[in-house]
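In what follows, a structure is listed as structure tokens, so that the remarks can point back to it.
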Amino acid sequence: MTTLSACSSGGKTTSNADGKVEIQFWNSFAGDSSKPLEAAIAKYNESQDKIFVKVLSNQDPQKQLTAISGGNPPDLVLTQWNNIGPWSAAGAVKPLKEFIDKDGFDTAQIIPAALDRMKVKDEIFGFPISMSMANKLFYNKKTFEAAGLTAPPETLEQMMEYAKKLTVKDDKGNITQMGFIPDYPWIDNVFWPIIFNGSWDDGNGKLTANQPANVKSIEYQASYYQEFGQVGIDKFKSGMGKMETPQDPILTGKLAMMIGWENWYVENRGEGKDIGVAPFPYPEAQPELKNAGMVSPIAMFIPAKAKYQEQAWEVMKYLLSEDVQIDYSIEYGSIPVLLKALDNPKLTQNEKTKALWDYYESAKSPNLKGFPNSIYINEYLQSLNEETEKALKGQQSAQEAMDTVVSKMQPVADKNK
């Protein structure tokens, strides 16, 4: 459980000379990343005469936690969604039920997978302002053409066959081009189980990381290391350039396929560009899992000790209105969390957002999921990462890896029911 320090620091909440209540809105954005939020709040400040919102950017999670643990916290906070669980356990986050009920706020208008990340034990502690999503396959068109492949793979089994055709070795047996690396650019212990329709708990406190779907997802990833060799892949990876540099492997063609997030390679993908975009493949035996993917939202919440909670709630509702969600998506390059915004022509027919059109459409998919929020979320994710890595390296089976995770984490879950 997270322990909050007793020190007091944070923003002042005052009334202006013109009678407006001034509240502070802290966020962790730095530099230009904060400008879309600042622009949205500037419009809000101009739109009414009761509340003035002062935005403070570059407030990282540690600064946020220190402030909300003190006696004078900010009134509204924007942070990564996975902070909500641990912080709520320490009594730092205001549950939103009373505000939702009082105003009859319709939570069904928010993308379910994004809203679910705001819940701890089925109670809503915040709302997403935007979300990122991985449910696409990026592929280098030139490597496909050179291999005689005319379309991206549709199933995971087909993707393995494509990977064989797209992997090239020199006369010494060294890999010089890889078709696909399942743990590039990192081990993803959330995305892959989602692709196989896995889960991590049953909603009643029982952890399910070792269920068959999760195990299959690791076995599929491990099959690439079995097919192409652990030593060969590791050697190849050690010589790859870094993402978004001139030596980036997906841009140079050294890597033919990779998992695609909506905010990666925006200038390099799509029609007439080097990188093609397709739905991420699904298990051949489970076509109902088409358009599966992972969501990761940015959360906003009201600290439990905030002085002006009602005013902060009004700002949250404003940020979830359709026009604001659309403008924010355009300026920030993110996916709106409001379902009706996904069909708005201001987004779907806007050349400025063309790289996101496919993502807007697939954000409606019922097969989108994310990791469950909880008090012990960070420990659970760390355990999954450690054991998955061992399985990919062949140090243990996928079943053994997930059994170990459950044996480690179930006692922690039991203590935090």
Stepwise side chain to side chain contact (heavy atoms under 4.5 Å, CB included) check, F371 with Y380: CA-CA 10 Å; F371 197 76; Y380 198 178; 3.5 Å; yes
Are a donor atom and an acceptor atom from the side chains of [X] and [Y] found within less than 3.5 Å of each other?
X: K369; Y: N197; answer: yes
X: N291; Y: N367; answer: no
X: Q410; Y: D414; answer: yes
X: Y224; Y: D183; answer: no
X: D75; Y: Q311; answer: no
X: Y265; Y: D248; answer: yes
X: N27; Y: S57; answer: yes

For a quick test of reading the model, state the closest non-hydrogen atom pair linking [X] to [Y] and the distance between them.
X: V277; Y: G270; result: CG2-N, 4.4 Å
X: G253; Y: T143; result: O-CG2, 3.3 Å
X: M178; Y: I181; result: CE-CG1, 3.9 Å
X: R269; Y: A355; result: NH2-O, 2.9 Å
X: N58; Y: K63; result: O-NZ, 3.4 Å
X: A213; Y: F196; result: CB-O, 3.3 Å

State, yes or no, whether a side-chain contact exists between [X] and [Y] at a heavy-atom distance under 4.5 Å.
X: S34; Y: V55; value: no
X: L166; Y: F144; value: yes
X: W264; Y: P185; value: yes
X: Q399; Y: I218; value: no
X: M294; Y: D188; value: yes
X: F301; Y: W87; value: yes
X: K254; Y: F236; value: yes
X: S28; Y: Q64; value: yes

Is it the case that over 12 heavy atoms from other parts of the model lie below 6.0 angstrom from the [atom1] atom of [X]?
X: K142; atom1: NZ; value: no
X: E386; atom1: CD; value: yes
X: K415; atom1: NZ; value: no
X: K119; atom1: NZ; value: yes
X: K393; atom1: NZ; value: no
X: K141; atom1: NZ; value: yes
X: D106; atom1: CG; value: yes

Steps toward side chain to side chain contact (heavy atoms under 4.5 Å, CB included) verdict (M300, V315): CA-CA 10 Å; M300 48 184 173; V315 177; over 6 Å; no
Cationic N near anionic O, under 4.0 Å, K164 to E161: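 So K164 pairs with E161 through a salt bridge.
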E387/K390 salt bridge by N-O under 4.0 Å criterion: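 Yes, this pair counts.
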Stepwise ring pair (Phe, Tyr, Trp, His ring centres under 6.0 Å) test for Y162 and Y139: CA-CA 11 Å; Y162 276 37; Y139 62 97; 9.1 Å; no
Aromatic plane relationship, F280 with F191 - under 30° parallel, 30 to 60° tilted, over 60° perpendicular: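 Rings of F191 and F280: perpendicular, over 60°.
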Parallel, tilted or perpendicular: ring planes of W313 versus F105, cut at 30 and 60 degrees: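 Rings of W313 and F105: perpendicular, over 60°.
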Side chain to side chain contact (heavy atoms under 4.5 Å, CB included) assessment of I68 paired with W26: CA-CA 11 Å; I68 62 180; W26 283 24; over 6 Å; no
So does [Y] get a backbone contact from the side chain of [X], meaning a donor-acceptor N/O pair under 3.5 Å?
X: Q221; Y: S217; answer: yes
X: T66; Y: Q62; answer: yes
X: N373; Y: R117; answer: yes

Measuring from [X]:[atom1] to [Y]:[atom2], what's the distance to the nearest 0.5 Å?
X: S397; Y: D403; atom1: OG; atom2: CG; answer: 7.5 Å
X: L320; Y: I110; atom1: CG; atom2: CD1; answer: 5.0 Å
X: N140; Y: E145; atom1: CG; atom2: CD; answer: 10.5 Å
X: I250; Y: I259; atom1: CD1; atom2: CD1; answer: 11.0 Å
X: K235; Y: I175; atom1: NZ; atom2: CD1; answer: 10.0 Å
X: N83; Y: S88; atom1: CG; atom2: OG; answer: 10.5 Å

Worked check of side chain to side chain contact (heavy atoms under 4.5 Å, CB included) between D103 and E314: CA-CA 10 Å; D103 287 356; E314 292 301 317; 4.2 Å; yes
Return a table of donor-acceptor pairs under 3.5 angstrom between the side chains of residues 124-135 and protein atoms on other chains or two or more places apart.
{"from": "S132", "atom 1": "OG", "to": "E262", "atom 2": "OE2", "distance (Å)": "3.0"}
{"from": "N135", "atom 1": "ND2", "to": "S362", "atom 2": "OG", "distance (Å)": "3.2"}

[X]: which residues meet the side-chain hydrogen bond (donor to acceptor under 3.5 Å, both in side chains) condition with it, sequence neighbours left out?
X: Q325; result: none
X: D343; result: K364
X: D358; result: none
X: Q247; result: none

Identified ring-ring contact (aromatic ring centres under 6.0 Å, His included) partner of Y318 from the options Y44, Y328, F25: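 Only match with Y318 under ring-ring contact (aromatic ring centres under 6.0 Å, His included): Y44.
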Residues 329-339, side-chain donor-acceptor partners within the protein, below 3.5 Å, at least two apart:
{"from": "S329", "atom 1": "OG", "to": "S334", "atom 2": "O", "distance (Å)": "2.5"}
{"from": "S329", "atom 1": "OG", "to": "Y360", "atom 2": "OH", "distance (Å)": "3.0"}

K237 NZ/CZ over Y184 ring centroid, <6.0 Å and within 45° of normal: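 Verdict for Y184: no cation-pi partner in K237.
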Qualifying residue for salt bridge (charged side-chain N to carboxylate O under 4.0 Å, His left out) with D327, from K352, K35, K43: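 Only one option passes, and that is K43.
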